Structures are given as C-alpha cells and as structure tokens.
Amino acid sequence: MEKYAIIVAGGKGLRMGGEVPKQFLPVAGLPVLMRTIKRFHAYDPTLKIILVLPKEQQAYWQRLCEEYQFTDDYQLANGGATRFQSSKNGLQLIPDNADGYVAIHDGVRPFVSIDTILRCFEATLTSQAVIPVLNVNDTLRHISQDGSGENVQRSEYRLVQTPQVFDISLVKRAYQQEENDGFTDDASVVESLGQKVEMVEGNRENIKLTTPFDLKVAEVICQNESNHK
C-alpha cells in the first residue's frame with residue numbers, strides 16, 4: 001500500500017497585507033511551507049509528498065530552499081487557477097495504478113498534529129474518504145437573504161480541517177468531473193460521487209494561517225511546542 005500527501009500552496013496571501021505569499025512567511029525562523037512538509041515527514045519519513053505551487057512562485061521557493069538548506073524530498077506540481085485545479089494537478093503525478101491512499105492538505109496549516117495525520121490514514125483502512133473535524137465552541141447564527149438571522153444548534157455542525165485522506169483510485173475518479181461551485185473542498189468533490197465521508201478528531205492547533213493575527217498565534221504555538229520537547 002502506497003501513501004502520498006499532496007500539499008497545496010497556491011495562495012497569494014492578500015489578507016496578510018504583504019507582497020510575500022503567506023506560505024513563504026517565516027514563523028519562529030522557518031517558512032510556513034517548510035514546517036508543513038516537515039510535519040508530514042515527521043509522521044512518516046517515507047511518505048511521498050507532492051507540493052503544488054504556482055509556476056510564478058517556484059523560483060522564489062527554490063531560493064528559499066537554498067537559503068534555509070531545506071532538503072526534504074518532494075515532487076513539484078504546478079498550481080492551478082482554483083483549488084480544484086491545483087488538487088487535480090497534484091493527483092496527476094500519482095500513477096493511475098497506484099494502490100493506496102493520499103492526503104490532501106493546506107500548505108498554510110503547519111501545525112497539524114502527527115496524531116491527526118495518523119487518525120486520518122488509519123480510518124481510511126475501513127473508509128475510503130476521511131476528514132478531520134472539530135466541535136464548534138462559538139454560537140452560530142444563520143443569516144437569511146433579507147438580512148435577518150437566527151441562532152442554530154452548534155452541536156449539529158463541525159469545523160472541517162485538512163488533511164483530507166482518500167483512496168487514490170476514488171479521488172482520481174472524482175477529479176475527472178467538471179468543476180462546479182458546489183466543490184468547497186476535496187471532500188465535497190468526492191462526496192458528489194455518492195461516497196460517504198468519515199469524520200475523525202482534528203487538533204485545535206491545526207489552524208489555517210490567513211491573517212497577521214494568525215501569524216502571532218503561530219509564534220505562540222511554536223514556542224509551546226519547543227517547551228514540550
């Protein structure tokens with residue numbers, strides 16, 4: 001059985017407010033994307049990693065790798081215009097006859113725990129599609145088109161994270177479909193085939209770094225991880 005991880009890093013980081021894409025920004029002295037790749041290799045050093053990056057960012061990434069002497073092994077795929085296209089491009093580097101599972105992960109989620117990755121891959125032994133989720137702690141309110149709103153039962157909702165792990169043949173078949181607006185993540189693409197998606201527990205630190213505030217939180221997470229080593 002083969003195991004792959006596709007790490008999608010196609011963002012331009014506009015909400016960060018700077019010119020450097022968020023996946024390249026340093027956190028505690030190491031660019032975010034390098035931390036993400038290292039986390040998956042910490043789970044399994046033999047894991048086959050496919051990194052999806054926009055063509056126009058690849059030269060800058062190579063310079064960063066030289067600067068930080070980053071030598072982790074991976075294959076490089078070109079990012080697409082949308083997340084759907086980026087995931088599809090990454091999947092194309094996996095042989096059609098590959099027998100196993102692939103995790104698809106946001107490049108700007110560097111703090112996914114090894115336990116979360118493990119839970120996702122282990123669950124695929126009995127389910128072909130698995131996602132990590134968290135309970136919702138805040139009150140949720142549904143807003144109608146007329147601007148009115150009402151609170152909803154938060155126990156009926158979950159926060160969805162990555163990695164989302166799938167049987168390789170299943171997810172490759174799912175990505176042969178035409179893209180549509182209903183595809184909000186990789187799991188929704190697979191679900192459109194009628195496939196049930198199993199949920200496992202994620203981890204709170206597995207945040208998606210999107211804003212400057214997130215970077216401050218990331219520094220604290222790094223400090224806490226260093227203190228517990």
Side-chain angles (χ1 to χ4, degrees), residues 6-23 25 32 36 52 54 79-91 103-112 116 119-120 123 127-166 170-171 173-218 220-221:
I6 296 174
I7 297 177
V8 183
K12 294 178 179 168
L14 298 179
R15 277 177 283 183
M16 284 293 184
E19 294 183 359
V20 177
K22 55 192 175 184
Q23 57 265 27
L25 294 174
V32 168
T36 305
V52 184
T82 63
R83 171 59 183 261
F84 179 93
Q85 290 297 326
S86 291
S87 292
K88 185 174 183 176
N89 290 352
L91 286 166
I104 305 180
H105 187 67
D106 297 323
V108 289
R109 290 186 187 266
F111 302 116
V112 59
T116 294
R119 280 193 293 271
C120 289
S127 300
Q128 291 188 304
V130 179
I131 60 174
V133 300
L134 291 177
N135 291 333
V136 178
N137 290 332
D138 295 329
T139 297
L140 291 178
R141 191 165 181 83
H142 177 264
I143 306 300
S144 301
Q145 288 185 341
D146 63 4
S148 63
E150 62 176 354
N151 288 2
V152 296
Q153 290 292 330
R154 63 188 176 196
S155 61
E156 297 178 358
Y157 294 86
R158 296 293 183 270
L159 300 174
V160 179
Q161 301 181 326
T162 66
Q164 300 181 353
V165 183
F166 309 99
L170 169 68
V171 71
R173 179 159 51 91
Y175 271 91
Q176 291 174 2
Q177 302 176 91
E178 291 294 324
E179 183 176 4
N180 69 64
D181 292 340
F183 295 156
T184 56
D185 63 358
D186 301 290
S188 62
V189 181
V190 171
E191 281 181 312
S192 68
L193 297 180
Q195 172 66 43
K196 182 180 179 182
V197 173
E198 181 178 344
M199 295 178 289
V200 299
E201 184 182 359
N203 64 289
R204 287 285 168 194
E205 301 83 6
N206 187 17
I207 60 174
K208 188 174 183 179
L209 304 184
T210 306
T211 67
F213 177 77
D214 296 332
L215 284 180
K216 293 179 181 179
V217 174
V220 174
I221 294 174

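Just so you know, these numbers come straight off a predicted model, no measurement behind them. FYI, side chains are in, hydrogens and waters are out, and symmetry mates aren't considered; it's all heavy atoms of this structure.
- Not counting sequence neighbours, the partners of F84 by the ring-ring contact (aromatic ring centres under 6.0 Å, His included) test are Y175, F183.
- For E205, the side-chain hydrogen bond (donor to acceptor under 3.5 Å, both in side chains) test picks out N203, with sequence neighbours left out.
- Each of T162, I104, D106 was scored for a side chain to side chain contact (heavy atoms under 4.5 Å, CB included) with V8, with one residue passing: I104.
- Between the side chains of S86 and N89, no donor-acceptor pair of N or O atoms lies under 3.5 Å.
- Remark: R204 pairs with L134, N135, N137, L159 by the side-chain contact (heavy atoms from CB on, under 4.5 Å) rule, at least two apart or across chains.
- The stretch residues 138-164 participates, sequence neighbours left out, in no ring-ring contact (aromatic ring centres under 6.0 Å, His included) pair at all.
- By the salt bridge (charged side-chain N to carboxylate O under 4.0 Å, His left out) test, R119 is found to be paired with no residue, residues two or more places apart in sequence or in another chain being considered.
- Counting only residues at least two apart or on different chains, the salt bridge (Lys or Arg N to Asp or Glu O under 4.0 Å) pairs with a member in residues 176-186 are R83-D186.
- Looking at V108, L215, T211, D214 one by one, the single match for side chain to side chain contact (heavy atoms under 4.5 Å, CB included) with K22 turns out to be V108.
- By the side-chain contact (heavy atoms from CB on, under 4.5 Å) test, D146 is found to be paired with S144, S148, residues two or more places apart in sequence or in another chain being considered.
- Applying the side-chain hydrogen bond (donor to acceptor under 3.5 Å, both in side chains) rule to N151 yields the partners R141; only residues at least two apart in sequence or on another chain are considered.
- Listed here is the closest heavy atom pair of V165 and A103: CG2-CB, 3.7 Å.
- For E201, the side-chain hydrogen bond (donor to acceptor under 3.5 Å, both in side chains) test picks out no residue, with sequence neighbours left out.
- V133 is linked by a side-chain contact (heavy atoms from CB on, under 4.5 Å) to I131, R158, V160, M199, counting only residues two or more places apart in sequence or in another chain.
- Applying the side-chain hydrogen bond (donor to acceptor under 3.5 Å, both in side chains) test to S155 and every residue at least two apart in sequence or in another chain returns nothing.
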